[in-house]
Amino acid sequence: MKNDTFWRYTTLMPAVLLFVALTVVPMVNLFVLSFHHVEWIERIAIWKSVGWSNYTAAFEDNLFRAGAFNTVVFAVVAVTVQMVLGFILALLTIGVTRGRTFYRTVFLLPILVPGIIIGAIWKLMYSYDFGVINKTAIFLGMSPQDWLGNPNLALASVIVVDIWHWTPFCFLLLLAALESLPQDIYEAARIDGSSPWQALRFITLPLMLPAIIVTFVFRMILALKVFDEVYLLTGGGPGTSTEVVSFTIYRRFFTEDRPGYGAAISIITFAAVAILIFVAGRISRRRKAS
Amino acid sequence: MRHIPINSTHALRGTVRRTLAAMLLVTTSTAAMAADQAPMTIVINQSPWFAGFQKVVELYQSETGNTVNLDVNPFAGSLEKQRHAVRTGESPYDVLIMNAGFFIEFYSGGFLEPLTNIEAGFKLSPDIYTFDDSVYWNAETKQIDAANGDLLSVPVNPFLPLLHYRADLYAEKGLNVPTTWDELYDNAKALHNPPAMYGISQRGQRGAFDVTFDVLPYVWSHGGAFFADQKGGDYTVTINSPETLAGMETYLKLAQDVGHPSTAGQTQTNVIQNMATGQAAHIQGVPAPALFDDPANSIVVGKVNYAPTPGTAEYPSSPPLGHWLAGVPKNIPDDRKAAALAFLTWFQTDEAQRAYAEAGSPPVSRAVLTSDLADKPEFRYMKALADSIPNARLTFVIPEASQVLAITELRLNQAISGELPLKEALNTAATEIAKVMTDSGYTAPVLPPLE
């Protein structure tokens with residue numbers, strides 16, 4: 001028994017060491033850094049302790065506040081639409097057997113393209129003067145729009161790109177979950193005279209709920225980290241209309257060279273995402289229990 | 001299908017191997033004989049003038065046999081790599097190409113080797129512009145100081161804005177080259193015919209040093225500024241002065257009446273694209289003539305001409321310096337410092353500067369800029385550039401430039417996009433800049449808010 005415990009810990013040790021080296025140590029370092037201001041004098045880094053001031057400054061930082069607000073709007077709207085579209089697509093295609101490999105490959109393509117290339121493609125499409133969207137609008141007799149330069153349209157334009165990019169991800173996960181649902185329940189419901197809508201409402205949705213929650217949380221985490229699409233499409237502008245938290249952290253940390261403050265807003269963001277995951281986990285567990 | 005016997009394949013491989021080995025031997029021995037400096041690496045940004053710099057580096061290599069590697073990056077990426085390089089034990093780069101917006105932090109952090117420490121007799125060629133004395137730094141007073149400072153860098157590119165205008169349309173409409181913003185407005189209005197032609201295309205997007213760079217000629221030529229007198233040590237924040245407001249109002253008037261409908265979303269690339277595709281009658285851009293005279297990239301070949309940015313009745317043309325400087329980091333071995341200096345010495349020669357200009361990049365030599373080259377049509381930007389340099393000024397001489405720029409980029413862009421009213425944007429910027437400055441230990445009073 002004693003030997004068992006020894007081997008259990010020994011075999012676990014490499015993973016624990018890796019976790020400590022690659023996650024715990026950098027996080028502790030980031031946390032310590034967040035209480036400092038770093039200055040370079042004659043090639044020497046001078047760390048000055050500043051207490052909680054980096055944290056208090058974060059809540060007065062207009063850019064960070066705008067970034068946090070936009071990130072939440074971006075993540076909630078984009079992921080909700082992706083989930084709905086992904087689910088509808090999964091329902092529509094579950095019965096399709098012909099050309100299955102082909103359509104799945106086609107749906108996979110947007111996920112495989114790097115975000116930076118997607119940004120470049122859509123930037124061209126959104127171009128006021130040369131973009132295919134405005135060219136089409138003019139052809140149809142409508143007036144061209146400043147998709148990325150108008151503060152009222154810019155965030156929506158970025159959200160559309162993200163929806164195009166990530167809906168296939170939701171679709172594939174939800175399709176896999178749909179395919180794994182037990183068919184005998186549907187047969188029993190059909191015999192009992194249930195309509196397709198009732199089957200969806202009372203069988204599919206409840207059974208799919210764990211998969212929906214997992215997919216939603218996965219996507220929310222990724223959406224909260226959005227960077228590359230915004231970086232290339234709008235650079236966070238015009239004004240603060242497409243500023244997102246990752247971009248604010250990048251600017252404050254690297255462009256402005258304020259590692260202490262950058263670390264503080266990174267910790268705040270990390271804490272917010274951790275809380276989201278915790279809450280989602282609790283909801284998921286409660287659902288399972290009920 | 002033809003099959004090659006095993007023995008033949010083996011023999012073939014042997015021949016190929018021997019040939020390659022011989023070629024390698026010849027190449028390396030030639031290089032070893034010719035090269036008199038250690039191989040070096042330059043970290044540089046991908047700017048419109050980069051192609052010319054690349055060609056001049058190739059020329060240096062072929063003439064000297066020395067090896068120069070280029071690490072090419074986007075603007076912000078280059079800055080990050082430079083910061084990281086000078087803060088490590090040994091920099092992977094031997095020459096840093098620093099922008100006017102950020103070079104002070106490398107000076108004040110003590111990261112650069114004074115060039116006379118590498119070679120006691122090293123001097124900047126008298127033909128090379130010093131760009132508002134930006135090559136000299138006094139480490140004791142922490143100021144730009146031509147009289148008592150060390151020579152820390154060599155200018156690489158005279159990146160400052162010129163007015164680009166469509167000379168063919170000017171001739172067609174009988175317009176005169178503008179020297180004031182009012183004249184520019186009238187000319188732009190005469191040519192404004194959207195969406196086929198915009199009177200002017202301005203670079204209003206928020207970036208690292210984008211919209212700020214674009215509005216400064218307007219602000220300064222109205223008597224405005226961000227600080228009262230940085231060089232003189234007066235850090236009173238003046239971004240919300242009536243003069244700065246007047247400059248911004250002129251900018252917005254052009255944008256709204258005769259400008260591109262997406263000014264707040266226009267990058268330098270967009271602005272260049274608008275001119276190259278014949279959709280802009282004017283742009284304010286850095287001289288990159290090869291872009292517009294290359295038929296592969298432009299439909300306005302030979303039609304774009306250049307002039308200093310306009311001024312007002314009270315103030316002359318006032319372009320900001322966005323130039324590039326080459327510095328040598330302290331944290332590299334002596335042989336690499338010597339190699340870097342050898343390149344910078346060669347780069348200042350008349351021959352190198354002419355080759356640089358002929359390769360499509362504006363030179364930093366007064367002699368070349370005012371030489372016979374300036375009379376040739378392909379170098380017609382040179383006169384405007386030579387006329388502009390004496391009036392060009394440094395935007396920042398403080399290491400907090402990147403933090404101040406983050407504020408100006410955001411607030412000016414908000415004013416252009418209409419997200420904030422102009423006065424509110426300037427007042428907000430003033431308060432925020434003052435906070436950055438006071439937090440860094442400066443005395444930085446603010447003006448009463450604009451009402």
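Since the structure is predicted, the reported quantities are computational estimates derived from the model, not experimental observations. Just so it is clear: chains get the letters A, B, ... in the order the sequence lines come, proteins before strands, and each one is counted from 1.
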Can you tell me which portion of [X] sits under 4.5 Å from chain A's heavy atoms? Options are side chain, backbone, both or neither.
X      : value
B:T88  : backbone
B:T263 : neither
B:E432 : side chain
B:D210 : neither
B:F209 : neither
B:E400 : neither
B:H84  : neither
B:R87  : both

- At a heavy-atom separation under 4.5 Å, does A:P151 approach chain B through its side chain, its backbone, both, or neither?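 The answer is the side chain of A:P151.
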- Query: So which part of A:I44 gets closer than 4.5 Å to some heavy atom of chain B, the side chain, the backbone, both or neither?
  - Reply: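 No part of A:I44 comes within 4.5 Å of chain B.
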Is any side-chain heavy atom of [X] closer than 4.5 Å to a side-chain heavy atom of [Y]?
X      : Y      : value
B:T267 : A:K123 : yes
A:E42  : B:K330 : yes
B:Q414 : A:T240 : yes
B:N270 : A:Y128 : no
A:D146 : B:P261 : no

- Message: Quick test of your reading of the model: are A:E243 and B:R206 salt-bridged, counting only N-O distances below 4.0 Å?
- Response: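 Yes, A:E243 and B:R206 are salt-bridged.
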- Item | Check: B:Q205 side chain, A:G235 main-chain N or O, donor-acceptor pair, under 3.5 Å |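 Not at all, since once roles are kept as given, no pair shorter than 3.5 Å links the two residues.
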- Query: With no hydrogens and no angle check, is any side-chain donor or acceptor of B:R83 less than 3.5 Å from a backbone partner on A:F254?
  - Reply: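 Flag set: sc B:R83 to bb A:F254 pair under 3.5 Å.
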- Task: Give, for atom OG of B:S262 and atom CG of A:L148, the distance between the pair rounded to the nearest 0.5 Å.
- Result: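 One gets 7.5 Å once the value is rounded to the nearest 0.5 Å.
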- Spatial distance of atom CG (A:N62) from atom OG1 (B:T428) [nearest 0.5 Å]: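 So the gap between those two atoms works out to 8.0 Å.
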Nearest non-hydrogen partners of [X] and [Y], listed with the distance:
X      : Y      : value
A:E256 : B:A406 : OE2-CB, 3.0 Å
B:G207 : A:R251 : O-NH1, 3.9 Å
B:Q279 : A:D129 : OE1-CB, 3.4 Å
A:G239 : B:S417 : N-OG, 4.3 Å
B:E419 : A:S241 : OE1-N, 3.7 Å

- Message: Please identify, among B:T277, B:L420, B:L405, B:I416, the residue contributing the most non-hydrogen atom pairs under 4.5 Å to chain A.
- Response: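 Among the listed options, the one with the most contacts to chain A is B:T277.
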- Task: Would you please classify the geometry between the B:F111 ring and the A:W40 ring as parallel, tilted or perpendicular, with 30° and 60° separating the classes?
- Result: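 Plane angle between 30° and 60°, so tilted.
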- Query: Taking it one step at a time, do A:Y250 and B:E80 satisfy side-chain hydrogen bond (donor to acceptor under 3.5 Å, both in side chains)?
  - Reply: CA-CA 11 Å; A:Y250 166 74; B:E80 280 161 35; 3.0 Å; yes
- Message: Surrounding OH of B:Y442 (heavy atoms of other residues, nucleotides or ligands, distance under 6.0 Å), is the total greater than 12?
- Response: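 Yes.
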- Query: More than 12 foreign heavy atoms under 6.0 Å from CD of B:E140: is that the case here?
  - Reply: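 Result for CD/B:E140: open.
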- Top contributor to chain B interface from A:L63, A:N150, A:N152 [non-hydrogen pairs under 4.5 Å]: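 Sorted descending by pairs with chain B, the first entry is A:L63.
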